[in-house]
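Below is one structure, written out as structure tokens, with a few remarks after it.
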Protein chains: 2
Amino acid sequence: MTETPTTGTNAGDLLRLEHQVCFALHNATRAFGALYRDALKDLGLTYPQYLAMLALWEHDELSVKRLGELLRLDSGTLSPLLKRLETAGLVIRERSPLDERSVLISTTAAGAALREQATRVPAEVAARTGFDLDEMRQLRGLLARLTDRLDTANGAGAAQEC
Amino acid sequence: MTETPTTGTNAGDLLRLEHQVCFALHNATRAFGALYRDALKDLGLTYPQYLAMLALWEHDELSVKRLGELLRLDSGTLSPLLKRLETAGLVIRERSPLDERSVLISTTAAGAALREQATRVPAEVAARTGFDLDEMRQLRGLLARLTDRLDTANGAGAAQEC
DNA sequence: TACTAGTGAGTTGTGCGCAATTGAATTGTG
DNA sequence: CACAATTCAATTGCGCACAACTCACTAGTA
């Protein structure tokens, strides 16, 4: 019932329409996650850990705060994640001598060496998606704009409560 | 270092490029999650619970297996989720008399009544995204194609191991 | 009829994500 | 200088996602 595949504007259709968009996003993220899980198996990394290593490979040394800004994650997620990377021998955590509140993360030799193995990951993933550069750029643009608007919407929502 | 924002094809750039695409997806999903968390606060639902209720409102009665197919989730995720919805008084779980292995999920009166409150959710979310129908359709199409390719890629990857 | 697949939910364990809180270190201000 | 406010990381608690496993039930077969 209420099978209107085109542009309807009643409440039921809106439910269905929105369901499609956010659900599609949700599914794509999880499908991507499965692909990366497979591609990262040899490296012994999960996808969020891989993102953290990417950031560290680029920046050499990062505070937990800065890393959290780059990955859009808070210490509640990063602290245990970084502890696992430290246990795996990939990173070192040390309190900053300039500001004892801050914890600086840097790669170990093993962590830096892992970058060589990681270079084949994006090519493998890109090949499996079958998307060309144009499609990826287009998708990336849409997602970036969407995230921007959602962030300001969330910010505005929070502001409304003040 | 390795700051090449255009189309490079060396390993470092690919790392960066792929980082952008999957990371953008990841971020958009989480930004969406934050928006829904806010919009669903009054209903007392999380986003995955909301998806489950959407499916149940559409289909009236579903086995856990069928619901899992619709939401692309397995019993490991659905069992505790449905137990929470049952505790909240929104759904009923009962074993099928035809096949005692199967568990049928249906909405209670309260669960069905919640649909009325839920009708305002998609409009609110759509308004906050600021995306028009064209953009949403475009994004949905890209995501659907991406998920399709990723799924077959994952399937092929699994097949390769056989 | 017994015996073996196979199927459907549930459970356990691990990791991510987020809200809320805690505690130590720093900064700002009187 | 002393005291309040802020900042940063860590911790706790909850829910989702997924892999691996268990167990009851069903179906297929000798």
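We name chains A, B, ... by the order of the sequence lines, and we start the count at 1 in each one.
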> The side chain of B:Ser79 lies closest to which of these nucleotides: D:dG15, D:dA17, C:dT11?
Replying inline: C:dT11
> How long is the line joining CG of A:Leu62 and C1' of D:dC8, in whole Å?
Replying inline: 15 Å
> Between B:Arg37 and A:Leu98, which has a closest nucleotide on DNA chain C that is more 5'?
Replying inline: B:Arg37
> Roughly, in whole Å, what's the span from CG in B:Leu78 to C1' in C:dT11?
Replying inline: 14 Å
>> With the 90 degree cut-off around zero defining syn, does C:dA5 come out syn or anti?
In response: syn
>> Testing the basics here: between B:Phe32 and A:Leu150, what is the closest heavy-atom pair and its distance to 0.1 Å?
In response: N-CD1, 3.5 Å
> What's the NZ-P distance between A:Lys65 and C:dA25, to the nearest Å?
Replying inline: 19 Å
> Can you find a side-chain donor-acceptor pair between B:Ser96 and B:Ser102 that sits under 3.5 Å?
Replying inline: no
> Base, sugar-phosphate alone, or nothing: which one does A:Leu81 contact when heavy atoms must sit under 4.0 Å apart?
Replying inline: sugar-phosphate
> C:dG17 P sits how many Å from A:Arg30 CZ, rounded?
Replying inline: 14 Å
>> Students often get this wrong, so: under 4.0 angstrom with heavy atoms, is B:Thr46 touching a base, only sugar-phosphate, or nothing?
In response: sugar-phosphate
> Atom CD of B:Glu94 to atom C1' of C:dA9: distance rounded to whole Å?
Replying inline: 15 Å
> Quick one: on DNA chain C, does A:Glu100 or A:Pro80 contact a more 5' nucleotide (nearest heavy atom)?
Replying inline: A:Pro80
> What does B:Arg66 touch in the nucleic acid at a heavy-atom separation under 4.0 angstrom: a base, only the sugar-phosphate, or nothing?
Replying inline: nothing
> Is B:Asp38 salt-bridged to B:Lys41, going by a charged N under 4.0 Å from an acidic O?
Replying inline: yes
> Paired with C:dT21 by Watson-Crick or G-U wobble geometry, both distances under 3.5 Å: which nucleotide is it?
Replying inline: D:dA10
> Expressed in angstrom and rounded to an integer, what is the separation of A:Gln49 atom CD from C:dT14 atom P?
Replying inline: 14 Å
> For B:Ser102, which contact category applies under a 4.0 Å heavy-atom criterion: base, sugar-phosphate, or nothing?
Replying inline: sugar-phosphate
> Among the nucleotides C:dT26, D:dC18, D:dT26, which one has an atom lying closest to any side-chain atom of B:Asp99?
Replying inline: D:dT26
> So what does A:Leu73 hit on the nucleic acid, given a heavy-atom distance under 4.0 Å: a base, only sugar-phosphate, or nothing?
Replying inline: sugar-phosphate
> What pair of heavy atoms forms the shortest contact from A:Ile92 to A:Thr108, and how long is it?
Replying inline: CG1-CG2, 3.5 Å
>> What is the distance, to the nearest angstrom, from the CZ atom on A:Arg95 to the P atom on D:dC8?
In response: 12 Å
>> From CG of B:Asp38 over to C1' of C:dG17, roughly how many Å is that when rounded to an integer?
In response: 17 Å
